[in-house]
Structure formats: C-alpha cells, structure tokens
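Below you'll find the structure, written out as structure tokens, and then a few comments.
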Amino acid sequence: MALLEVKELDIQFPTRFGPGHVVRQLSFSLEKGEILGLVGESGAGKSTVGNAVIDLLSPPGRVTQGEIILNGERISGLSAKQMREIRGRKIGFIFQDPMTSLNPLFTIETQLIETLMTNLDLSKEESYKKAIELLSAVGIPEPEIRIKQYPHQFSGGMRQRVVIAIALAGDPELIIADEPTTALDVSIQDQILNLIRDLCKSKEVGCVLVTHDMGVIANTTDRVAVMYNGELVEIGSTQQVLESPQHPYTKSLISAVPRSDIKLKRFPHVDYIEKEQESKKTIDVKQHWLGQRQLGEETDVTNEKEALLRVEAINLRFETQHAFFEKNRKYLQASNNVSFSVMPGETYGLVGESGSGKSTIARIIAGLYKQDSGQIIFDGQEISSMSEGQRRSIRQQIQMVFQNPYSSLNSRMNIFDIISEPIVFHRLANDKKQVSNIVSDLLDYVGLGAAAAVKYPHEFSGGQRQRISIARALATRPRFLICDEPTSALDVSVQAQILNLLKDLQDELGLTMLFISHDLPVIRQMCDRIAVMKQGSIVEEASVDNLFTSPQNPYSQELINLMPNLDNLSREGLDDLLV
C-alpha cells in the first residue's frame with residue numbers, strides 16, 4: 001500500500017472572471033521511504049499541491065475534484081479539527097518562506113518546544129533537550145545560545161534550518177518539503193538533504209520534495225514528477241527523466257540548468273519555453289528610459305580605472321546576549337576586517353555559508369546597517385558617515401534586490417504603486433503618464449507584462465514576486481546593483497531570463513553588481529571575481545575561473561566539491577533546444 005496517493009486532483013481559485021484552474025487531473029503516488037521530486041515553473045502548481053495535501057490552501061482556493069489518501073485513509077475533506085491531528089504528527093511541512101512561517105514575537109525555543117510538547121507529549125525538559133538535538137542536527141552552531149534568540153536575529157539560511165527542525169520535530173510519516181534548500185549554502189544544503197535521505201531510508205518516511213533546483217533533484221530523489229501549467233507532463237525514475245527526458249518541457253528545464261564546468265557568455269534561451277511564455281519586449285536599452293543618466297552624467301563608466309566601490313576594513317558585531325554589565329554580554333562578529341573593491345562594470349561575487357556575513361556586508365553598503373569601524377567609499381566619496389539627506393542621491397545610484405520576495409514587497413500596495421514609488425520619490429518622471437509608461441516598460445522588461453501593474457503581490461508566485469523586486473530596483477536607474485540571492489526563488493528557465501537581463505544591463509549601461517548567492521553554478525556564470533567568506537572574514541579572493549578550477553583555501557575546496565550539478569549527466573539530444 002502506498003504511503004500517499006493523489007487521485008485526479010483538481011484545484012481552483014475562483015476569480016471575478018470565472019474559476020481559475022491551478023491544478024488539473026493530477027495523479028501520483030508515493031511509497032514509504034521514497035523521495036519524489038516535484039519540479040516545474042513558478043506558478044505550475046507545485047506548492048499548491050503540497051498545500052492541498054495538508055489542507056492549507058489559501059482562500060478562496062479549494063479542491064473541486066479528486067481525493068488525497070494517506071496510508072489507506074482519505075484525508076481530503078476532513079474537518080479542521082481532524083486535520084490538526086494529522087499536521088505535525090503524521091505530516092511535516094517545510095515551508096518555502098522561513099520568515100513568514102516563524103512567529104517574530106516568540107523565541108526559537110518557544111516555537112520548537114511548543115511543537116514538541118504538542119506532537120510528542122514530552123515534558124518541557126525533555127522537549128528542550130530534543131530541541132537542542134534538532135537544531136544541532138540541522139547545522140545551527142551553538143544551539144544552546146541560538147535557541148534563546150528571535151527569528152530576526154538569524155540569517156535567511158539559518159531561519160530555513162529552524163523551519164526544517166520544526167518540521168522534523170513530530171517524527172512524521174510524510175514530509176512535504178517546499179523548496180527546503182532555497183536559502184541554504186551548498187554545505188548546509190548537503191547536510192539537510194543527507195538528513196532527509198537518512199530519515200526516509202532508516203524510518204521509511206516518505207518525502208515530496210518541491211524544488212526548482214535540478215542539481216538537488218539529481219542528487220536526492222528516487223523519482224521525478226514534472227508539472228507544467230497545472231498538469232503532470234512526465235513522471236519516472238530520476239535517472240530516466242534526467243538522462244532521457246521525453247516531454248519537450250522537461251528537456252527545456254534540463255537545458256536551462258547553469259553549467260559549473262564551463263563559463264558561457266549568456267544563459268541559453270530555451271525554444272519551448274520562449275514559445276509558450278511571453279518573453280520581455282525587445283528594447284534598445286541605450287535609447288530607452290533605463291539607459292538615460294541623471295545629472296548630466298554621460299561618461300562610460302566601464303572605461304574608468306578607479307574602483308567604483310571600495311570596502312575597507314569593515315567590522316560589525318551583533319549583541320546576542322544582553323546583560324547590565326559589559327563583561328556578561330555576548331556578541332557575534334558578523335564581519336571581521338572585510339576589505340574588497342569592485343571595478344566599474346564588474347560583477348563581484350560573495351559566497352559562503354549562511355551566517356558568514358555576506359548579507360551583512362550588502363546591508364552595510366546599502367546603508368541599512370551601520371558598521372562599528374571601517375569605510376565604504378562609493379565613486380570616491382565616503383558614504384557611511386553621510387547624513388540621511390546627503391545619502392539621498394547615493395541611494396538612487398545604489399539599489400538592492402533582497403533575498404526574500406515575500407517580505408520585501410508591501411502586500412497592501414499594488415504592483416504599480418510598488419514600482420512607481422522610487423520613481424516618484426527621486427523625481428525621475430515629469431508627470432503621471434510618464435510614470436505609468438516607465439512602470440509598464442519595466443514590467444515588460446522583466447517578463448511580467450504591463451497587465452501585472454494592477455495586481456497585488458499575493459496574486460503572484462515566488463519567482464514572479466522576485467521579478468517585481470528586480471523591476472523596482474531598476475526603477476531608479478542605478479549604477480550599482482546589490483543582488484542578495486536574487487534567483488533563490490526562481491525556477492531555472494526564469495532564472496536564465498533574469499540573469500540574461502542583468503547581463504544585458506551590465507553590458508549596455510556599464511551596470512556594476514555585487515552578486516551574493518549560494519548557487520555556485522550561477523556564481524560561475526555571472527561573476528568576474530569572487531570572495532569566499534567564512535565566519536565574517538574573507539578567506540579567499542580570486543577570478544571566477546581560478547576559484548572553480550584551482551581553489552586554494554580548504555573551505556573553498558569543500559564548497560566546490562559539495563556543489564550539486566548536472567555536469568556529469570548526458571545532455572544528448574538537448575542541444576538542439578538551445579537558441
């Protein structure tokens with residue numbers, strides 16, 4: 001008997017224009033101890049299927065047909081009280097966005113212990129001991145200290161590890177993992193995936209792994225189900241689907257996976273996806289609004305020899321334990337004497353484990369954090385000591401694409417207001433009509449279309465929200481773009497479109513970028529030079545080719561060796577899809 005059976009499932013989200021079919025006639029099964037990968041585009045319905053299994057569809061979404069069976073018992077259609085008995089105890093769920101699935105008002109200790117006491121009937125002391133074991137198992141350093149902290153004191157990757165620990169806390173029979181490694185670096189990703197694999201094999205736990213990372217699929221799953229536009233287009237063993245894909249869409253996905261063995265000038269466009277989806281309008285950027293410069297700036301920044309950005313001996317520590325006396329306080333050194341420079345037109349990469357200080361450095365440059373010591377010099381000006389008024393023109397030139405597209409967009413504002421806000425604030429348009437035209441062009445440019453302007457963030461998938469974030473960042477025509485995990489929420493085909501867009505802007509406008517990512521194949525394709533960070537310090541800096549072919553630091557070597565990829569798989573029959 002299968003652990004999980006999904007039979008002819010239909011899911012609809014009613015709209016004012018009629019029912020919107022999100023999932024159509026979906027059927028699959030999962031055996032005990034098996035890991036089934038569910039892959040497809042953002043908006044294909046992958047996460048919706050996982051939410052339907054545990055009856056957490058966002059209203060007004062509903063299952064209109066079909067049934068869901070767990071261990072021979074139908075669980076679709078159960079009451080809310082009956083489903084609460086199943087969630088946590090029988091089904092563990094790892095949500096895609098760790099910040100919205102953790103309560104910001106409670107410590108990690110409170111949230112983990114509550115879950116353990118509810119699902120396992122343990123005492124508070126027993127729950128605390130098991131909570132420490134769970135945090136250690138998912139790679140949280142100093143769990144006795146970190147368990148006392150709040151979610152906002154963790155990096156994105158560390159928050160995701162906490163969510164995974166909570167999902168495992170009830171010893172479930174089935175785990176639904178919705179992009180569980182999205183915010184994780186390769187070393188912790190490997191640790192988490194090994195944990196899930198060991199759990200599935202040793203305790204016969206079944207796992208539905210929803211992901212857009214084909215490298216994770218290749219290294220983790222037993223079978224793969226491919227979804228497109230709400231339908232199942234192909235299912236089979238992992239080796240069969242990845243090495244001999246039958247459906248054109250599956251071939252498209254595999255072809256668009258970034259290479260880690262060689263660097264390509266551009267990410268490949270895939271014929272099937274380009275025909276099926278609306279691609280961005282062809283725009284001559286230099287003649288377009290995006291290509292115009294402010295304040296009479298006409299110089300070609302790519303010809304400058306001086307660094308556009310210099311980071312000099314930056315130090316910043318966060319207080320992790322407050323006490324009245326200084327000697328009893330504890331601190332985390334987030335950045336330790338960090339120095340590097342970025343040349344005009346260059347893409348400089350930062351890689352390292354979650355909590356290594358990558359995002360901290362980005363936020364210091366953007367003016368969101370204030371360093372304890374050191375300098376940030378942009379275009380010859382020391383900017384970290386400027387007043388807020390002095391920084392206004394600098395903020396226009398330095399923009400940031402944040403890691404989390406869910407919390408970085410205001411849910412009460414429609415997309416037009418979100419993108420137009422920086423245009424109006426910096427007075428980049430003469431009237432409302434020009435603002436409207438600029439917003440429409442930006443939405444076309446990131447592949448969403450002008451019609452998206454009247455919608456709200458909740459109407460978009462995670463990947464689509466990230467494209468909105470990128471459009472907003474481009475709205476001020478920045479010279480320096482900070483990309484903090486900009487593709488972590490994107491499937492491989494949309495990732496290729498977005499990264500090609502960034503490459504186009506860099507080539508045509510001399511755009512300079514600081515690119516932060518845990519996805520090493522993406523780093524190889526995007527960056528000119530790379531700095532590897534560990535525990536707040538840079539341990540190695542090298543050109544992209546030197547780092548990937550002959551890393552010098554043992555930590556860099558470990559990251560390269562743990563990198564999941566498809567380089568060893570046969571790509572026979574796929575090259576004809578590339579255009």
Side-chain angles (χ1 to χ4, degrees), residues 135-143 146 154-162 164-165 180-198 211 213-220 257-263 332-338 340 348-362 403 484-485 487-488 514-569:
L135 291 179
S136 180
V138 297
I140 300 289
E142 300 180 313
R146 302 309 297 267
F154 287 71
S155 68
M158 294 183 74
R159 284 195 290 264
Q160 186 67 294
R161 284 181 255 177
V162 172
I164 292 170
T181 59
T182 289
L184 303 182
D185 54 83
V186 289
S187 57
I188 300 303
Q189 174 178 273
D190 183 71
Q191 184 178 342
I192 294 301
L193 294 176
N194 280 333
L195 182 66
I196 292 175
R197 279 195 297 262
D198 293 343
T211 183
D213 192 326
M214 300 301 286
V216 168
I217 288 291
N219 295 346
T220 308
V257 174
R259 304 280 300 253
S260 62
D261 53 343
I262 57 174
K263 184 172 182 178
L332 172 68
Q333 193 71 32
S335 58
N336 183 18
N337 208 36
V338 173
F340 62 86
Y348 190 90
L350 283 181
V351 299
E353 292 184 325
S354 294
S356 63
K358 307 184 303 295
S359 295
T360 298
I361 291 296
Q403 178 178 351
D484 187 4
E485 303 279 5
T487 60
S488 63
L514 177 65
F515 200 94
I516 299 170
S517 180
H518 65 272
D519 192 328
L520 292 177
V522 168
I523 283 285
R524 173 148 203 184
Q525 299 301 323
M526 288 298 296
C527 299
D528 302 300
R529 289 186 298 136
I530 304 173
V532 181
M533 293 192 68
K534 182 179 183 182
Q535 296 178 348
S537 300
I538 292 179
V539 298
E540 183 171 358
E541 184 184 52
S543 69
V544 63
D545 288 334
N546 287 342
L547 186 74
F548 276 82
T549 56
S550 56
Q552 301 301 305
N553 188 275
Y555 177 65
S556 304
Q557 295 168 0
E558 179 187 4
L559 291 181
I560 300 297
N561 291 334
L562 290 174
M563 175 176 55
N565 58 69
L566 301 181
D567 297 339
N568 295 326
L569 289 178

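Remember, it's a predicted structure, so these values are computed and weren't measured experimentally. The chain is numbered in sequence order, starting from 1.
The minimum heavy-atom distance between Pro551 and Thr549, with the atom names listed, is CD-C, 3.7 Å. What you find for Ser517 and Glu485 is that their closest heavy atoms are CA-OE1, 3.4 Å.
By the 4.5 Å heavy-atom criterion applied to side chains, Leu193 and Asn219 are not counted as neighbours. Using a 4.5 Å heavy-atom threshold, the side chains of Val532 and Asn553 count as separate. Taking the side chain as every heavy atom from C-beta outward, Asn336 and Gln535 never approach each other to under 4.5 Å. Side-chain contact check for Thr220 versus Ile196: every heavy-atom pair is 4.5 Å or farther apart. Side-chain contact between Tyr555 and Glu353 is present, with heavy atoms from C-beta onward closer than 4.5 Å.
The closest donor-acceptor contact from the side chain of Lys358 to the backbone of Gly352 lies under 3.5 Å. Although no hydrogens or angles enter the test, the distance criterion places no donor-acceptor pair under 3.5 Å between the side chain of Gln552 and the main chain of Glu540.
No more than 12 heavy atoms of other residues, nucleotides or ligands lie within 6.0 Å of CD in Glu142, so this atom counts as exposed by the packing criterion.
Using modelled atom types and a 3.5 Å distance limit, the side chains of Asp190 and Asn194 yield a donor-acceptor pair.
Contacts of Phe340 classified as ring-ring contact (aromatic ring centres under 6.0 Å, His included), with partners at least two apart in sequence or in another chain: Tyr348.
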